[in-house]
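Just follow the structure's listing: the first ligand is 1, and inside any ligand the first atom is 1.
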Amino acid sequence: MGTIVQKFGGTSVADAAKIRLAAERIVRAKREGNSIIAVVSARGDLTDELVALSHEVSAAPPRREMDMLLSTGEQQSVALMAMAVDALGEEAISFSGAQIGIVTDSFHTKAKIKNIDPTRIIEALDAGKIAIVAGFQGVDENFNVTTLGRGGSDTTAVAIAGVLKADVCEIYTDVGGVYTADPRLVPDARKIERLSYDEMLELASLGARVMQARSIEFANKYNVAIHVRPSYSDSEGTYIVREVPEMEGIVVSGAAVSEAEAKITLRAVPDRPGVAAAVLGGFAARKINVDMIIQNISASGFADMSLTVPMSDLAEAREVAVALTEDLDAGRVEVDDNIAKLSVVGIGMRSHTGVAEKMFSVLAAEGINIQMISTSEIKISVVIDQASAQRALRAIHRAFELEKAPA
Ligand code: ASP
Ligand code: MG
């Protein structure tokens, strides 16, 4: 008898039939003797539709109202799921984020969880009920509804699994696991059996559209075992767990490509102490996540600085960049939104050399120019032209033989 969090994404609750299927899975796990907390996302593409609708009524929808709107998607899902479970003869109770005390900061549309009060969930479970919780949403200290950023239901699920010390957090998806590359882009991509938190965090941040990166930070911090598994069958998916020594043997675990970023270049930035801090500080003040940064060697006291930002923040980032160049007496701002970031990830890179060389040689052989490079202990990312991204991903996947199961 254990405690299991089951998270169902938008595709897994897209219509009545899918909701009933998910409800059957929830009920089955409950009847096996487990306490079940189900975390659900908005149905299908509902969140995208609501975002589109908001832009039809306003060019710049206030973020607070955006959260009020988007949170309705998950609220529909919890009620429908509780009804479906009830219809199968088990007691269920749905909760909004506010009702179970998911308290966040006040950064609307990308709020961070500060605290969860598990009292109501525990009461429900103790009464033999299945708790159905709305993903992606919380409230700030003044009871304003907030949301956790796109894909935030994963973070809700993992955070709840963390506070309840659940045995496992199951993430049900229509792709069935984490692959060596997106199977829609690389047909012979292979499902990975087991990944470390660090690898998954890199892959999630680098464009593998499987889980919200922030959820993996929570999992790592609170030691939550995650099982990403198919919603259409009972087969195993991918376990995301704490690192074990055997994992070092796999040099490259996966590759990912992201087209969700744009490159901003600030020309002729004065080359003196404090300038980089001022630039980054300008973006940080607006909560814009800067990813890659390069600065060229200065010529006559000026340097060019390029950085990448999420496409969704591009308009705001451009404003920040223009304001910065005025403050710093720098040159012009250039924006390139036709870039892609291609990355390879693997814990084994810590102890094996030659990965970067191989990656760059493959790109050279394909005639693809590298615009930016960044590395960490366990990943190498390059920015390339977007038009070449899928071809590059396939070439890299082939070169590292990712389709073959590790020995
Ligand atoms: N419905 C939200 C989204 O589409 C949250 C989620 O699905 O995790 O981003
Ligand atoms: Mg999702």
In terms of side-chain heavy atoms, does Ser96 have a donor or acceptor partner in Gln75 at a distance below 3.5 Å? no

Any donor-acceptor pair under 3.5 Å linking the side-chain atoms of Thr147 with those of Gln137? no

Could you check whether any heavy atom of Gly135 sits closer than 4.0 Å to an atom of ligand 1, since that is the contact criterion I want to use? no

Okay, side chain of Gln212, backbone of Leu148: is any donor-acceptor separation there less than 3.5 Å? yes

Within a strict 4.5 Å, meaning less than it, do heavy atoms of the Ile93 and Ile130 side chains meet? no

Would you say Lys7 has any N or O atom under 3.5 Å from an N or O of ligand 1, going by distance alone? no

Atoms of ligand 1 under 4.0 Å from any heavy atom of Arg150, numbered from 1 in the order shown, are 3 (C), 4 (O), 9 (O)

Considering only heavy atoms, does Ser41 approach ligand 1 within less than 4.0 Å through its side chain, its backbone, both, or neither? side chain

Interfacing atoms of ligand 1 (cut-off 4.0 Å, heavy-atom, Glu74): 1 (N), 2 (C), 5 (C)

Check salt bridge (charged side-chain N to carboxylate O under 4.0 Å, His left out) between Asp45 and all other residues, then give those that pass, not counting sequence neighbours. none

Please identify which atoms of ligand 1 are closer than 4.0 Å to at least one heavy atom of Gly151. 3 (C), 5 (C), 6 (C), 8 (O), 9 (O)

Going by the rule side chain to side chain contact (heavy atoms under 4.5 Å, CB included), which residues pair with Ala22 if we only count those two or more places apart in sequence or in a different chain? Phe8, Met81

At under 4.0 Å between heavy atoms, is it the side chain or the backbone of Gln212 that contacts ligand 1, or both, or neither? neither

